[in-house]
Amino acid sequence: APQNRLKILDGLESRCNSRIAREYYDSALAFSEIGDKPQAIRELVKALTWREDYPAATEMLNLIKSRELARNARGEELYLEGLNEINLGNATRARTAFLHAANRLTDPTLAEARLAAMSQNLAEESLRQAKIFLKDDQIGPAWVAVQDAIYLGEDFTEAVAISEEIDAFLISDAFLDS
């Protein structure tokens with residue numbers, strides 16, 4: 001047996017810690033590549049708990065955090081842009097800004113709520129326009145407006161029913177023409 005077993009045990013512990021840290025780092029790389037940044041951050045933190053002086057893990061963690069901060073800042077800019085578009089009366093541009101803000105913000109709940117409200121309002125407006133077009137026997141514009149209402153609204157059964165009526169009319173009209 002060696003005279004200084006403590007030195008050998010310290011070396012063994014250091015190699016084990018390095019290996020475990022490297023496995024967590026590799027796992028963080030895999031999560032980062034598929035876009036799961038929160039899980040990648042968790043894996044990097046685990047790697048750093050096993051080996052505090054792991055420069056690659058520290059660098060990657062700082063890089064991910066800085067990118068997330070930049071992404072969140074851009075999301076806030078888009079949210080404020082959406083509010084500005086509302087004040088200007090541009091509902092579609094505001095909805096688009098809120099959609100992009102919800103995809104970028106760390107906490108997207110407020111942007112998602114605004115997006116849902118704006119989408120519902122636009123869906124109701126599209127349905128109202130579709131009804132006006134149907135009264136004037138303008139089938140094409142009515143069909144487009146109803147499709148917009150279906151796309152924008154959640155569980156918009158009235159729009160789906162009108163769309164089915166328009167589809168049935170178009171199919172029967174095409175059959176009669178043929």
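Residues take their numbers from the sequence shown, with the count starting at 1. Any value given below was found using the heavy atoms of this structure, including those in side chains, with hydrogens, waters and symmetry copies removed. This one's a predicted model, so the numbers in the text were calculated from it and none came from an experiment.
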Check whether any side-chain heavy atom of [X] sits under 4.5 Å from a side-chain heavy atom of [Y], and report yes or no.
X: Arg104; Y: Leu78; answer: yes
X: Val45; Y: Leu48; answer: no
X: Met118; Y: Ile86; answer: yes
X: Glu165; Y: Leu134; answer: no
X: Leu29; Y: Met60; answer: yes
X: Gln147; Y: Val144; answer: no
X: Thr96; Y: Arg93; answer: no

Go through the structure and list residues passing side chain to side chain contact (heavy atoms under 4.5 Å, CB included) with [X], not counting sequence neighbours.
X: Val160; result: Ile150, Glu164
X: Glu23; result: Arg19
X: Gln138; result: Phe133, Asp136, Pro141
X: Ala21; result: Ala47, Trp50, Arg51, Tyr54

Would Ile132 end up clustered with Leu127 when hydrophobic side chains under 4.5 Å apart are linked, directly or stepwise?
no
Within 6.0 angstrom of Gln120 CD, more than 12 heavy atoms from elsewhere
yes
Ion pair check, Lys65 and Glu68, cut-off under 4.0 Å
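So Lys65 does not pair with Glu68 through a salt bridge.
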Out of curiosity, [X] [atom1] to [Y] [atom2], how far, rounded to the nearest 0.5 Å?
X: Glu158; Y: Ser163; atom1: CD; atom2: OG; answer: 12.5 Å
X: Ile162; Y: Asp167; atom1: CD1; atom2: CG; answer: 12.0 Å
X: Leu9; Y: Ser14; atom1: CG; atom2: OG; answer: 12.5 Å
X: Tyr25; Y: Leu44; atom1: OH; atom2: CG; answer: 7.5 Å
X: Ser32; Y: Arg67; atom1: OG; atom2: CZ; answer: 7.5 Å
X: Tyr24; Y: Glu43; atom1: OH; atom2: CD; answer: 6.5 Å

Please test Glu77 against Leu80 for side chain to side chain contact (heavy atoms under 4.5 Å, CB included), starting from the C-alpha separation and ending with a verdict.
CA-CA 5 Å; Glu77 289 174 10; Leu80 294 175; 5.9 Å; no
For [X], the rest of its hydrophobic cluster, which grows through side-chain links under 4.5 angstrom:
X: Tyr151; value: Leu122, Leu152
X: Leu63; value: none
X: Leu69; value: none

Set of side-chain hydrogen bond (donor to acceptor under 3.5 Å, both in side chains) partners for [X], sequence neighbours left out:
X: Arg22; answer: none
X: Glu85; answer: Asn90
X: Ser126; answer: none

Residues pairing under ring-ring contact (aromatic ring centres under 6.0 Å, His included) where one sits in residues 157-178, two or more places apart or in two chains, turn out to be none
Scan for ring-ring contact (aromatic ring centres under 6.0 Å, His included) pairs involving residues 60-119, sequence neighbours excluded, and state none if there are none.
Tyr79-Phe98
Using every non-hydrogen atom in the two residues, find where Ala123 and Ala149 come nearest and quote the distance to one decimal.
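Between these two residues, the closest heavy atoms are O-CB, 3.4 Å.
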